[in-house]
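No hydrogens, no waters, no symmetry mates; every other heavy atom, side chains included, goes into these values. Whatever order the structure lists them in is the order used to number ligands and atoms, beginning at 1.
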Amino acid sequence: MMGEAMKKDFVARSFTIKGVVQGVGFRPFVYRLALHYGLKGKISNTTTGVSLHVEGIKGDIDSFSRDLHEKHPPLAFITEISSRTVPVRNFKRFAIAKSIRQNRLSTLISPDISICGDCLREMLDPGDRRYRYPFINCANCGPRYTIINNTPYDRQYTSMKRFTMCARCQAEYEDPGNRRFHAQPNACRECGPQVGLYDNHHKSIETTDPVREAIELVKKGKILAMKGLGGFHLIADGENIEAVRLLRERKRREEKPFAIMSYDVESIRKYAYVDPAEEELLTSVQRPIVLLRKRQPNRLAENVAPRNNYFGVMLPYTPLHYLLLQGDFIALIMTSGNISDEPIAIENDEAFDRLSNIADVFLIHDRDIYLRSDDSITRRTAGATRVIRRSRGYVPMPVFLKADLPPILACGAELKNAICLAKGDKAYVSQHIGDLENLASYDFFQMTIRHLKKILRIDPEIIAYDLHPDYLSTRYAEEQKDIIRIQVQHHHAHIVSCMAENGLRGDVMGLSFDGTGYGSDGRIWGGELLVADEKGFSRAAALSYIPMPGGASAIKEPWRMAVSYLYDAYGEGLRELDIPIIRETGDKGMETMVKMISSGINSPLTSSLGRLFDGIAAITGIRSRVYFEGQAAMEMEMAAGQVTEAHYNYEWEAGEYYRIMPRPIVRGVVEDLLKGIRPSEISAKFHCTLIRLFSDICEIVSRERDIKRVVMSGGVFQNAILLTGLTKALEDRGLQVFSHRIVPTNDGGICLGQAMAAVAILRG
Ligand code: ZN
Ligand code: ZN
Ligand code: FE
């Protein structure tokens, strides 16, 4: 019996915990914690997380509560813990409530998570029953989002349903004290998925160890297609220039950098610089690709990331990756299993269909991928981690909003498409879908919408989409029945996206810089300073319109933009300029361009800053033709030397809004070229010019409109020099600056802004 003194200390407390706490090892963690402190009670799932009742000695409950906050499993993402004292109910033990009623389940689903330290140790231990088993996982790690086709997160709704657990796995699964308690993908060699090696005619290759055989073939220069977590990868030895060349040729990927994977951070340091923040990012459970500055010289083939100062590097995130990288490669090319811009292959038959002209050999397995998810790409810039491509590891973690939204679907833009489903205070931005320029991507787009609506249980009442009449996403939106349709201007959506992730409301100045976006006047915008709030905007400043001779061709061929800017700066006098771009264009080419520009034939007008980057890149000889979107601007950044105070003249004209003239900048560049000044110096001066120009304008608009907050968004802000420089310059002038970290600054983040803006527009 309990003494009187003890009875007083014997209390009960109930906790409500919100966030991602289901399917992430949270309940076993709480169970073990309760046992540790000798507490009784129960834990059960709710629609928003879990609810928990514990009773015991007050001091023990305090310790339990502290550990709950501080020691929760790495995958659990807690948004709120609240607790209150409740009457003691005299529980006999601590229990995990068994039955889960479907309508009581949280909509929060965990992203896919890299293999944990415990599982890795077991897999490398010859004495362990899962030694070298490529599908080892536990409640703290493994696949989630990519293997789910419905909720609740239960084995029957995952692609593991066709594998029946053996007695030993089942026992682990049912033991609340075990790391594999309720680990839905739990498996072992006896009962789980298996790998197999095939040639590119889908013929099985006889071997006792498919992984070791695959390693040998890659070492011989073969290209391997391997089924991973979110799709197939194409793999080649990063030191083998011939294998990399072959891969580029077969995949039709001329110059875009390839991502690479190394066994550990120590291996990465052999070819790239890694600072402590980058190391933390590399080793995080999300395991994204991190852009790391190259060490020179290094042993990797030069065609891995040509003309780029960075490598895109990731660490292994599945057991199979670890096994493959035991082959002592410094780095393996790990690029998406697709041809040019199509979605990444996920099914075995599909992979043989689509990739047999690229890969020599296939390492596949029989655990299905339900939803493809590319590798995420990140970069540390201006003191923060920026997500450039948000997919595996991050999706479907919601962006938590400071607003309450009705159920809404936002369709995103055309390039780097991602969609957003939102409801209440959560916005779910989908994985990277890709460029909606082919039917395969459009199918993936529609499939993702269907899939997310189902697993997130969101039935949208509103659909938000871009103003562009020709986007496939626009077509999709306009085909939907019985739904409120709201169009949101592209650059406004960029700004509101950045506001949403920074929790801002009300008036801001928005620098919206990108390559292309449909303007309210039907022209192509992209160098805009908007004064905006969630529901509307006006242009406070923008680059002056310039013709794009050839329309879309001018995007692929920056030399066309160069001619257009030169014509703007010099008129017919441009023919007399003794600079390489004029000689290369030739009389005939010049004739055609000038005719198009002056007559306006097939020459849409643009205020895009991306195009100005292209034009300057072509004028300085850095790049006159591009193989992928944003290449010229990227190489301008890479080419830039030390940015100093040196800059070109700039000016604008007052009117309805400040029109910024490219003319003096272009003239300054040409004069430097004629003086023999190197492209690295010109590029640095060009960057400095933009930083000064836009901070001057922001300062003026700030005074005129009494707004102190500047929001920066759009693909051009992937440029680290501009992002860092403008942030500092604006802060030096007493302004508050906000940029993207959670969602991409490029069009991959635009759907979030569309959702927020559409609701604001609708509410008026
Ligand atoms: Zn694990
Ligand atoms: Zn088993
Ligand atoms: Fe954009």
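When rounded to 10 degrees, the angle formed at the Zn ion (ligand 1) by SG (Cys116) and SG (Cys138) equals 100°. Around the Zn ion (ligand 1), the angle linking Cys141 (SG) with Cys119 (SG) is 110°, rounded to 10 degrees.
Of the listed residues (Ile377, Leu723, Ile742), just one forms a side-chain contact (heavy atoms from CB on, under 4.5 Å) with Arg386, and that residue is Leu723. Considering Arg180, Arg132, Arg129 in turn, Arg180 is the only one that fulfils the salt bridge (Lys or Arg N to Asp or Glu O under 4.0 Å) rule with Glu122. Test Arg659, Glu528, Arg523 against Ser607 for side chain to side chain donor-acceptor pair (under 3.5 Å) and you get one pass: Glu528.
Nearest N, O or S atom of Asp747 to the Fe ion (ligand 3): atom OD1. The name of the N, O or S atom in Asp514 nearest to the Fe ion (ligand 3) is OD2.
Residues Ile115 and Tyr317 have side chains not in contact (no heavy-atom distance under 4.5 Å, counting atoms from C-beta outward). Pro319 is listed as a side-chain neighbour of Met123, based on a closest heavy-atom distance under 4.5 Å. The side-chain heavy atoms of Leu752 and Val399, taken from C-beta on, include a pair separated by under 4.5 Å.
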> Between Tyr518 and His490, does a ring pair (Phe, Tyr, Trp, His ring centres under 6.0 Å) hold up when you go through it step by step?
Replying inline: CA-CA 6 Å; Tyr518 197 83; His490 190 98; 9.9 Å; no
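The pair Glu172-Arg130 meets the salt-bridge criterion, since a charged nitrogen lies less than 4.0 angstrom from a carboxylate oxygen.
In summary, His491 places no N/O/S atom under 2.8 Å from the Fe ion (ligand 3), failing the contact criterion.
Inspection of the environment of the Zn ion (ligand 2) yields the following protein N, O or S atoms under 2.8 Å: Cys166 SG, Cys169 SG, Cys188 SG, Cys191 SG.
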